[in-house]
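Structure record follows, encoded as structure tokens.
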Amino acid sequence: MNALDAHQEAAAAFEQLQQATRALDTRCFKLALGSRPETVTVALSSLSVNNSLRNATVDPSGATVEVTTLDAFAATHEIPQIDLLKVDT
């Protein structure tokens, strides 16, 4: 099976991702990938492309995000090989 695993941390952007990929062989996960597992609060921008873990704060108006590592995610979901990884930085 060729599958795309899509990751999006902010709720509104996650809903858009789900709608946009509904007809594809895609699994969507509401999480972020980082250097260590943790829970952070991300300050949200009006444009989801500007949301970043670098701007993580203790801002009550932000979005709480679960962060995992790529290795942990792959192991949990039994993904033996990743052929292409697109990262927004």
Next on the checklist: Donor-acceptor check, side chain of Thr69 to backbone of Ala72, threshold 3.5 angstrom: yes or no?
Outcome noted: yes
Item to check | Minimum heavy-atom distance between Val67 and Gly34, given as atom pair plus value | outcome: CG1-N, 3.5 Å
Item to check | Leu17 to Thr21 - nearest heavy-atom pair and separation | outcome: O-OG1, 2.8 Å
Distance, nearest 0.5 Å, that separates [atom1] of [X] from [atom2] of [Y]:
| X | Y | atom1 | atom2 | answer |
| --- | --- | --- | --- | --- |
| Cys28 | Glu15 | SG | CD | 11.5 Å |
| Leu31 | Thr39 | CG | OG1 | 11.0 Å |
| Ile82 | Leu70 | CD1 | CG | 4.0 Å |

Next on the checklist: Does Thr68 form a side chain to side chain contact (heavy atoms under 4.5 Å, CB included) with Thr76? I'd like the steps, not just the answer.
Outcome noted: CA-CA 11 Å; Thr68 189; Thr76 299; over 6 Å; no
